[in-house]
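Residue numbers start from 1 in every chain, and the chains themselves are labelled A, B, ... in the order their sequence lines are given, proteins ahead of strands.
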Number of protein chains: 2
Amino acid sequence: MLTNKGKYGLKAIVHLAKLEAGETAQVADIAQKNNISKKFLDAILLDLRNAGMLRSKKGPGGGYALAKPARTIKVGAVIRALEGPIAPIGCASRSAFRACEDCGEIDSCPVRSVMTEVRDAMAGVVDNTTIADMVRRSLVKAPAEAEYVI
Amino acid sequence: MLTNKGKYGLKAIVHLAKLEAGETAQVADIAQKNNISKKFLDAILLDLRNAGMLRSKKGPGGGYALAKPARTIKVGAVIRALEGPIAPIGCASRSAFRACEDCGEIDSCPVRSVMTEVRDAMAGVVDNTTIADMVRRSLVKAPAEAEYVI
DNA sequence: AGATTAATCTATATAACCGATAGACAAATA
DNA sequence: TATTTGTCTATCGGTTATATAGATTAATCT
């Protein structure tokens, strides 16, 4: 599940990816342009900075910018930095495995088996999509029909 | 994300799928054999019954049983009945679409675009796996290597 | 140096949700 | 009618999500 934290983080990093080279954006500006609480965004950008995806500069004319090219930042990395493992259940995680306390035979657990497939399917998307891809998508309208089977 | 509710529900329904034809199992027994709180399981089985997947019989010798063949019950249906939509975010759901209040142009939202792909990947697994598949998996040990990249 | 700007840190608050429990009630069977 | 077992209502502690407030630090400009 993607929480607001993850959603805001992705929006902010896409915002930063659209800046000119060398340019920075201030938290207040990113927040206002994307309808995000400034204080909440403070904490989010700090997490992304500590994860090495952003760099920051204090003082007048300061702000945030990407620390590396957008095409090298995976969507999955952003989500994991802000929300932890993407697996639907701990025992299905490959990066942060954790057995259920209440389960017996983990090797033959059918829930774990299915959820591992789900995890791989999710990771297959988010680990093969970059922030550069997201920028590209934000510049074109989504296809009209079919997408809107609601 | 799969909560305990979903996990317990899947375990219980797999348990029921293993019964002989015509046989029923009682909540207390399912709970004990699967390490689940009986009262919590009460509510879970009720949800699954109201969703038409289980039938129940009261009184001595009563209990729960599948309402239809295990091969016709999709994992996705169980999860949706217990936890709601599978999509990681409301605006990416096909069965229960809901726009974000804070978002502007939904058609060009890159978060929604990626998350729709994630949703489809997840649904591709859970809507193509049945309870009968889970029973089958529970009878064989999981493959040893590769699976355990933890 | 002093003023200003903007990120950073610490602390707290509110609300929702998860997981579980208790107990009364209803229905079926013997 | 007594017993068994599912059904319903209500509650409740703990955790997590979602912020908000205020003080602090660092950089820049005048």
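Contact check on A:D42 versus A:K38 returns a salt bridge, with a Lys/Arg side-chain nitrogen under 4.0 Å from an Asp/Glu carboxylate oxygen.
A:I36 has its CD1 atom 13 Å from the C1' atom of D:dT18, to the nearest Å. A:L46 places its CG atom 8 Å from the C1' atom of C:dC9, with the value rounded to the nearest Å. Whole-Å rounding puts the B:D47 CG to D:dG6 C1' distance at 14 Å. Distance, B:L41 CG to D:dT5 P: 15 Å, rounded to whole Å. Straight-line distance from the CD1 atom of A:I44 to the P atom of C:dC9: 16 Å, rounded to whole Å. Between A:E101 atom CD and C:dG19 atom C1' there is a gap of 13 Å when expressed in whole angstrom units. Atom-to-atom, CG of B:L48 to C1' of D:dT7 comes out at 15 Å; the value is rounded to the nearest Å.
Considering CD of A:E83 and CG of A:L2, their distance stands at 5.0 Å, rounded to 0.5 Å. Of the inter-residue distances, the one linking A:L48 atom CG with A:L66 atom CG reads 10.0 Å to the nearest 0.5 angstrom. In this structure, CD1 on B:I79 lies 5.5 Å from CG on B:L10, to the nearest 0.5 angstrom. Rounding to the nearest 0.5 Å places CG of A:D120 at 4.0 Å from CZ of A:R94.
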Point to revise | Contact pattern, 5' to 3', of nucleotides 20-30 of chain D - B, S or - by protein heavy atom under 4.0 Å | key: BBB--BSBB--
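Between the side chain of A:E117 and the main chain of B:V125, no donor-acceptor pair closer than 3.5 Å is present. A donor-acceptor pair is defined here as one N or O able to donate and one able to accept, closer than 3.5 Å; no such pair exists between the side chain of A:R98 and the backbone of A:G90. A:T24 contributes no side-chain N or O that, together with a main-chain N or O of A:A65, makes up a donor-acceptor pair within less than 3.5 Å.
Look at A:N4 and you won't find any side-chain N or O under 4.0 angstrom from OP1 or OP2 of D:dA17. At least one side-chain nitrogen or oxygen of A:Y8 sits closer than 4.0 Å to the OP1 or OP2 atom of D:dA19. At least one side-chain nitrogen or oxygen of B:R49 sits closer than 4.0 Å to the OP1 or OP2 atom of D:dT7. A sub-4.0 Å separation between OP1 or OP2 of D:dT5 and a side-chain N or O of B:Y64 is absent.
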What protein N or O atoms touch nucleotides 11-16 of chain D N or O atoms at under 3.5 angstrom, if any, and at what distances?
none

Could you pull out the protein-nucleic contacts involving nucleotides 10-17 of chain C (nitrogen or oxygen on both sides, under 3.5 Å)?
none

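The shortest heavy-atom contact between B:I89 and B:C100 is CD1-SG, 4.1 Å.
Annotation: side chain of A:K5 is in contact with side chain of A:D47 (closest heavy-atom distance under 4.5 Å).
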Practice item. Give the intermediate values and the outcome of side-chain contact (heavy atoms from CB on, under 4.5 Å) for residues B:I13 and B:L54. Key: CA-CA 8 Å; B:I13 209 166; B:L54 305 183; 4.0 Å; yes
